[in-house]
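Counting begins at 1 with the first residue of the sequence. All of these numbers come straight from a predicted model, not from anything done at the bench.
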Amino acid sequence: KGKNLMGEINKILATGVLNLKDIAIELNDPVAEGGKQSVHIQTSSFRFEMGLEEFRAFSATVLDGCSTLRSNKKLPL
C-alpha cells in the first residue's frame, strides 16, 4: 500500500493511457477512521475524486454510453 496526502491507496483498479498520459484508477482507504473509501481517477495533470458509490454509478454510466456508441456506430463489442 502506498501513502498519499488524501489517504492510503488500497488497490490500483486500472491503468491505461488517455491523451498520451498515463492514467490510474485507485481505490483509497479513508483518511480518518470510520470514513468512507474513495476512488481517484488521475493523471500527472489532473485528479478526479469520488466516493465508492458515486464511482459505481459513474462507471455504469460510462459502460452504458460505450455500449450505445458502439451500437449506433455499428462497432464490434
Side-chain angles (χ1 to χ4, degrees):
K1 292 181 180 181
K3 280 268 188 195
N4 69 27
L5 297 176
M6 300 307 292
E8 192 168 326
I9 298 170
N10 179 297
K11 184 177 183 180
I12 303 294
L13 301 175
T15 60
V17 177
L18 177 67
N19 294 330
L20 304 176
K21 291 192 177 199
D22 291 334
I23 188 167
I25 302 175
E26 304 170 347
L27 175 63
N28 287 263
D29 287 334
V31 176
E33 192 167 327
K36 294 184 178 184
Q37 289 182 310
S38 63
V39 175
H40 297 169
I41 300 174
Q42 61 189 29
T43 70
S44 61
S45 60
F46 83 91
R47 187 183 79 198
F48 182 65
E49 181 178 350
M50 64 192 95
L52 193 52
E53 290 302 316
E54 291 172 300
F55 175 71
R56 288 181 177 137
F58 172 79
S59 59
T61 301
V62 169
L63 291 173
D64 186 52
C66 180
S67 178
T68 299
L69 176 67
R70 288 177 183 269
S71 176
N72 290 345
K73 299 281 186 176
K74 309 281 191 262
L75 298 173
L77 299 175

Participant: Among Ile, Leu, Val, Met, Phe, Trp and Tyr joined by side-chain contacts under 4.5 Å, find the other residues sharing a cluster with V17 and list them by chain and number.
Facilitator: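 Members alongside V17: none; it stands by itself.
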Participant: Going hydrophobic residue to hydrophobic residue with side-chain gaps under 4.5 angstrom, can you get from L13 over to F48?
Facilitator: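 Yes, because L13 and F48 connect within a single hydrophobic cluster, where side-chain heavy atoms sit under 4.5 Å apart.
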Participant: Which pairs with one or both residues in residues 54-77 pass salt bridge (Lys or Arg N to Asp or Glu O under 4.0 Å), sequence neighbours excluded?
Facilitator: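 Counting only pairs at least two positions apart or across chains, the salt bridge (Lys or Arg N to Asp or Glu O under 4.0 Å) contacts touching residues 54-77 are E53-R56.
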Participant: As an exercise, state the distance from CD1 of I41 to CD of E26, rounded to the nearest 0.5 Å.
Facilitator: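 Answer for the CD1-CD pair, I41 versus E26, is 10.5 Å.
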Participant: Tell me whether L75 is reachable from L63 by hopping between hydrophobic residues (I, L, V, M, F, W, Y) whose side-chain heavy atoms are closer than 4.5 Å.
Facilitator: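 Different clusters: L63 never reaches L75 through Ile, Leu, Val, Met, Phe, Trp or Tyr contacts under 4.5 Å.
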Participant: When rounded to the nearest 0.5 angstrom, what is the spacing between NE2 in H40 and CD1 in I25?
Facilitator: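 One gets 12.5 Å once the value is rounded to the nearest 0.5 Å.
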Participant: Looking at every heavy atom in both M50 and F55, which two are closest together, and how far apart are they?
Facilitator: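 Scanning both residues completely, I find the closest heavy atoms to be SD-CA, 3.4 Å.
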Participant: With no hydrogens and no angle check, do the side chains of Q37 and D29 hold a donor and an acceptor under 3.5 Å apart?
Facilitator: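 Their side chains do contain a donor-acceptor pair, which is all the 3.5 Å distance test asks for.
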Participant: Surrounding CG of N19 (heavy atoms of other residues, nucleotides or ligands, distance under 6.0 Å), is the total greater than 12?
Facilitator: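 Result for CG/N19: open.
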Participant: Linking I/L/V/M/F/W/Y whenever their side-chain heavy atoms sit closer than 4.5 Å, directly or via other members, would F58 and V39 fall into one cluster?
Facilitator: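 Linked within one cluster.
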Participant: Which heavy atom in I23 sits nearest to a heavy atom in F46, and how many Å separate them?
Facilitator: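 So the two residues come closest at CD1-CZ, 4.3 Å.
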